Every structure is written in structure tokens, then in C-alpha cells.
Amino acid sequence: MRRSEFSRRQLFRGGAAAALALPAAGLLTGCSFTQPGGGQPGSTLDQIKARGSARIAIANEPPYTQIKPDGTVTGAEPDVVAAVLKRMGIPSIEGVVTPYESMIPGLNANRWDIIAAGLFMKQSRCGQILYSEPEIVSTESFAVPAGNPKNLTSVASVKADPAVKVAVLPGGFEDGALKTQNVPAAQIVNIPDGRSGIEAVLAGRADAFFLPTLSLNSLKADGIDITPAIQDVQQTGSGAGFRKTDQDLVNAYDEQLRALKASPEFDEILSRWGFSADAARGVTRDQLCAVAG
């Protein structure tokens, strides 16, 4: 999905308080991770098994990802990833908060091992990284002023009125969806985070904020309505993201993900965050990777 640059990146260990908070340039220096090929032998799979932990890129956007006040890494996707990794004999995760547009470059630069952030599959992303089979499936909506005065119900309704402005998180699925449907740049307002999108609508700087339905529901405020799911946007969903060179890790991960999805634990994890386990079971990686954008 989404988002603009944060001034700081943070590393969080699953189930523990924040381990450190350093400027981006100092992140790798401040932790024990060694890049593949940089002196630590074996594949990424071998390395994370040896460490007993995997570094995951997250965005701190509930319900997809969340950092609790005590530093615990949670949310729908990290919880699924943690459950799969435990089945693989890898007991812990370390979450690195990073903007969505930095997740794939950071993965390919070996700054983390896995993307576990609700980074929706689409053609351009599937060309750059490998995905697991789907873990969550989502819908998209607009946050609009109460009563939806401009009757914004679709991307087409945005394009129909050149005066309409829509807030998005840069690099996110929604940003890409608007651009894929040729919404003019002058109608797109970039904002840094979810709360800023709601504030932009309330202040009249944007007529709508485009984000997954569940994310908007978690941000809802007085004076804001959430529209029904947008129908002229393709179905979205995500799985864990991996480097193209880590096919062995993807294969091992998918094997245990299949076992998890066949168990009640998968339903329990997704229902905790408002997602449908059956929806995730009902779509494939190939289908989601065919989404334009």
C-alpha cells in the first residue's frame, strides 16, 4: 500500500518494547543484521532459522499492522506471519516501521527479510518481489464529510468533477489505483499518514480520503462518513513479500501457510482484526498479481 517518508525508522522486537529508534542511515549499524553475502553464510531461510527471528517491514496502520504502546508488533499480517514462522521453527519477529513506498526497495537492499504490511499485490509489485499465497483480502472506501456532499462513490465520480480532490498515502495501492485510472495529478493530495487524511477532509483540503475500508473504520471521527466499498477498483489483497532470490523461503513459507489456513487459528487471527478468513482462502496469488497497477 501507501505512505510518505517518516523522519525516523523504528525497530521493534515481537512481544517486547521498542529496541531502538535511529535515523534511517544508522539503522543497519545499530542492529545485528548482516546482509546476505556480507559475511553471514547461507540463504535468507538459513539465516533467519539460525537467528531464530525474522525482520519484517510494517507500516503501523491498523488493522493491517500495529505497534502497541509496549512496542509489541501486531496486526493482521504480522500475526499471520508470526504464526507461519513459528510453524517453520522461527519463534520471533522484529518489526521495522517504514513508508510503503520504501518497502520493496528496502527489501531488495536487504534491510529486512519479509514485508508483512498489507502491501497489496498488483502487477508492478509482483514484478519486483515474490509474494506468498494471500493472507488477507480487503475492500476500499472513501472517508468523506458527513452526508457525502459531493456524492463520491467511485473513482469515476472523482474523475467526473475536476474540482474534487482526493487524499492518498504516496506509493500506496490507492495512489496507484487513481493513477491507473488516469485521475489527474492536480486532484490527488498526498498526506503522510491516516490521521492526516482524516484531518485533510475535515479541514476541506480534500473532499475524500481513499484507503482500505477497515483502516478508515479505525480512523473514523465526528463529521466523517465512510462510503460503501468502491466498486470500480479491483479486489485487493496481500501476502508476505520476499526477495526474488528467496524462492526457497517462499516455498517453505507457503507450505506452512497452507497448514495454517486449514486450521481454526487462521480464522481466529483474521476475525480478531475484522477480516474474512474465507475471503483469503477464496483467492490466489496469481489472481491478485493480475490486478492492474
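This is a predicted model, so every value here is computed, not measured. Both backbone and side-chain heavy atoms feed into the values below; hydrogens, waters and symmetry mates do not. Numbering starts at 1 and runs along the sequence shown.
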- prompt: Does F266 have any ring-ring contact (aromatic ring centres under 6.0 Å, His included) partners at least two apart in sequence or in another chain, and if so, which?
  reply: none

task: Tell me, please, which residues at least two apart from N60 pass side chain to side chain donor-acceptor pair (under 3.5 Å).
output: none

task: Output all residues satisfying ring-ring contact (aromatic ring centres under 6.0 Å, His included) with F142, sequence neighbours left out; order by chain, then residue number.
output: F210

message: For the residue pair Q231 / S154, report whether a side-chain donor-acceptor contact shorter than 3.5 Å exists.
response: no

field: All side-chain contact (heavy atoms from CB on, under 4.5 Å) counterparts of Q128, not counting sequence neighbours
entry: I104

message: The test is side-chain contact (heavy atoms from CB on, under 4.5 Å); show your working for L169 and L211 and say whether it passes.
response: CA-CA 8 Å; L169 293 154; L211 206 65; 3.4 Å; yes

Residues in salt bridge (charged side-chain N to carboxylate O under 4.0 Å, His left out) contact with K165, at least two apart in sequence or another chain: none

message: Checking R87 now: which residues fulfil salt bridge (charged side-chain N to carboxylate O under 4.0 Å, His left out) with it, not counting sequence neighbours?
response: E265

field: Distance-only donor-acceptor check, side chains T44 and D113, under 3.5 Å
entry: no

- prompt: Less than 4.5 Å apart, any side-chain heavy atom of T236 and any of V137?
  reply: no

- line: Note: A177 and V233 closest approach over all heavy atoms is CB-CG1, 4.5 Å

message: Applying salt bridge (charged side-chain N to carboxylate O under 4.0 Å, His left out), can you list everything that pairs with R281, at least two apart in sequence or on another chain?
response: D267, D278

task: Name all residues meeting the side chain to side chain donor-acceptor pair (under 3.5 Å) criterion together with K159; count only those two or more places apart in sequence or in a different chain, and write none if there are none.
output: none

message: Minimum heavy-atom separation for L270 and A280, please, with both atom names.
response: CD1-CB, 4.2 Å

query: Are side-chain heavy atoms of I188 and N190 found at a separation under 4.5 Å?
result: yes

message: Under 3.5 Å, is there a donor on one side chain and an acceptor on the other for T139 and T213?
response: yes

- request: Give a yes or no on whether the backbone of A290 and the side-chain of Q123 come within a donor-acceptor separation of less than 3.5 Å.
  value: yes

- line: Residues at least two apart in sequence or cross-chain that pass side-chain contact (heavy atoms from CB on, under 4.5 Å) with R205, listed by chain then number, are E199, A200, A203

query: Which heavy-atom pair separates S132 from R285 by the least distance, and what is that distance?
result: C-NH1, 3.4 Å

query: Can you find a heavy atom in the side chain of T284 that is under 4.5 Å from one in the side chain of E133?
result: yes

task: Check whether any side-chain heavy atom of F209 sits under 4.5 Å from a side-chain heavy atom of S196, and report yes or no.
output: no

- prompt: Under 3.5 Å, side chain of S138 to main-chain N/O of G237, donor-acceptor pair present?
  reply: no

CA sep, side-chain torsions, deciding dist, call: N251, E255, side-chain hydrogen bond (donor to acceptor under 3.5 Å, both in side chains): CA-CA 6 Å; N251 293 343; E255 180 181 357; over 6 Å; no

task: Could you list the residues that satisfy side-chain contact (heavy atoms from CB on, under 4.5 Å) with V291, not counting sequence neighbours?
output: K122, F173, Q234

- prompt: Which heavy atom of D207 sits nearest a heavy atom of A163, and at what distance?
  reply: OD2-O, 3.7 Å

message: If the condition is ring-ring contact (aromatic ring centres under 6.0 Å, His included), which residues does Y131 pass it with, not counting sequence neighbours?
response: none

field: Flag, side chain of Y100 to backbone of A117, donor-acceptor distance under 3.5 Å
entry: yes

message: Less than 4.5 Å apart, side chain to side chain, heavy atoms only: is that true for M121 and P134?
response: yes

message: Which residues pass the salt bridge (charged side-chain N to carboxylate O under 4.0 Å, His left out) test with K86, not counting sequence neighbours?
response: none

- request: For residues K244 and I129, determine if any side-chain heavy atom of one lies less than 4.5 Å from a side-chain heavy atom of the other.
  value: no

message: As a quick check of understanding, evaluate side-chain contact (heavy atoms from CB on, under 4.5 Å) for V80 and L257, giving each step before the final call.
response: CA-CA 8 Å; V80 170; L257 176 59; 4.1 Å; yes

- prompt: Does a salt bridge link K179 with D175, judged by any charged N lying under 4.0 Å from a carboxylate O?
  reply: yes

message: Between D246 and R243 (salt bridge meaning N to carboxylate O under 4.0 Å), is one present in this structure?
response: yes

message: The test is side-chain contact (heavy atoms from CB on, under 4.5 Å); show your working for W112 and T98 and say whether it passes.
response: CA-CA 11 Å; W112 33 82; T98 191; 3.6 Å; yes

